[in-house]
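None of the values given here were measured: they were computed from a predicted structure.
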Amino acid sequence: MNRQFPLLTVSLPKLRSNASEITRRCRERGISVTGIIKGCTGIPEVAQAFLDGGCTDLGSSRLEQIVRCREAGVPGPYTLVRLPGMSELPDVVRWCDTSLHSELATLDALEQECVRQNKTHRVIIMADLGDLREGFWDKDEMVDVCVHVEKDLSHVELAGIGVNLGCVGSIQPTPEKMNDLLALARRVEEAIGRKLEIISGGATSSYTMVHWGTMPEGINHLRIGENILLGKDLQLEWHIEDMNYLAMDTFTLTAEVIEVKTKPSYPQGVFCMDAFGRKPTYTDYGIRRRALLVLGRADVADVEMLIPREKGITVWGASSDHCIVDVTDCDRDIQVGDTVDFSLAYCNLVYISARPDVRVVCVEE
Ligand SMILES: *Cc1c(COP(=O)(O)O)cnc(C)c1O
């Protein structure tokens, strides 16, 4: 097999630049950045670009990606940012330096595994401040567990505490939420009789407070993925206009054209359902010039979120292995065998970078 397309081109200089723009602004406020590589399935060159751009370490939700980067020679250190399953603990101790936690039983099992491997491991204990994914809801219980790690577990080191916001519950990270986390950190510090090394204020959505200069002093760590990888969520979804120091064209997806025809834009016949069992509604735009691409929902999930690089090209629809773009208003006379370029949304990148049949090329431009 000599597959050329779909092709995912990765601009390493743009990624380094995004990382350094973000880490410099964080450093000026006493914040270190763990670069989160799960959005691109842990491509090792990307991980290295994160380190080159000033990330102090790397993180992923998936062990396989951490193993992939370590085996490729990217030094880390590495943090597992999804709570480990009990069954994962041998690999967590073996491959990761730090992991996030919210369960006493897992922490005790982690201690046992560390003893077995004769290693130490660092943990960040997570608080849930309203986003309702991982973390302690009962803060008294959280303080007790921190004390337990500190006093009773000799191989598990309490590195700090953290919070995740703006994910499942869509809760905005605000200075108030950060002050809640800081108050919790002070409680833990009082209970263990020493300062915590890490007070981790969140992910890309928490970087907004660094950008605006509203991050409360004392938050000293963020875990950032999307804003380095794509720089899109805050610029396009949050409409933050003065964040244009971040490149949004870091990744380019190139797909090949296999059919170009002029057809109606409104399907003809009796409606049943589409390839995925849904009943979409269609708008009649009249007769249009359309190109069929070697690309589908199996590659990028939400094709509607792809951003065509060329003016006059719009995404019309897709099934698992085909994508149709409207090229009527495009300046170029697109032919079979030509290619079409897209910028990606986070969800597109998560899927496409995980495909074994997509060619990934990292470039120095
Ligand atoms: C994915 C993840 C991050 C990074 O999120 P981005 O929005 O990509 O910056 C940070 N922390 C945790 C716990 C995560 O799961």
Intermediate values then yes/no, salt bridge (charged side-chain N to carboxylate O under 4.0 Å, His left out), Arg355 and Asp299: CA-CA 7 Å; Arg355 295 271 328 174; Asp299 303 296; 3.4 Å; yes

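- Side chains of Phe50 and Thr23 form no contact here, defined as non-hydrogen atoms less than 4.5 Å apart.
- For Arg297 and Glu304, the salt-bridge test passes: some basic side-chain N is under 4.0 Å from an acidic carboxylate O.
- Considering only heavy atoms from C-beta on, Asp329 comes within 4.5 Å of Arg288 through its side chain.
- The pair Arg122-Glu197 meets the salt-bridge criterion, since a charged nitrogen lies less than 4.0 angstrom from a carboxylate oxygen.
- Comment: Arg289 does not engage Asp326 in a salt bridge, judged by the lack of any side-chain N to carboxylate O separation of less than 4.0 angstrom.
- If you check the side chains of Glu111 and Ser154, you find a donor sitting under 3.5 Å from an acceptor.
- Every residue was checked against the ring pair (Phe, Tyr, Trp, His ring centres under 6.0 Å) condition with Phe276, not counting sequence neighbours, and none meets it.
- Note on Asp97 versus Arg70: salt bridge recorded, some NZ/NE/NH1/NH2 to OD/OE distance being below 4.0 Å.
- Arg187 and Glu190 are not joined by a salt bridge, as no carboxylate oxygen comes within less than 4.0 angstrom of a charged side-chain nitrogen.
- Under the 4.0 Å criterion applied to side-chain N and carboxylate O atoms, Arg16 and Glu21 are not assigned as salt-bridge partners.
- Once rounded to the nearest 0.5 Å, the distance linking CD1 of Ile124 with OG1 of Thr79 reads 5.5 Å.
- For Glu28 and Arg24, the salt-bridge test passes: some basic side-chain N is under 4.0 Å from an acidic carboxylate O.
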Intermediate values then yes/no, salt bridge (charged side-chain N to carboxylate O under 4.0 Å, His left out), Glu189 and Arg194: CA-CA 5 Å; Glu189 287 173 343; Arg194 67 167 175 93; over 6 Å; no

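- With respect to the salt-bridge test (charged N to carboxylate O, under 4.0 angstrom), the residues Glu237 and Lys232 do not qualify.
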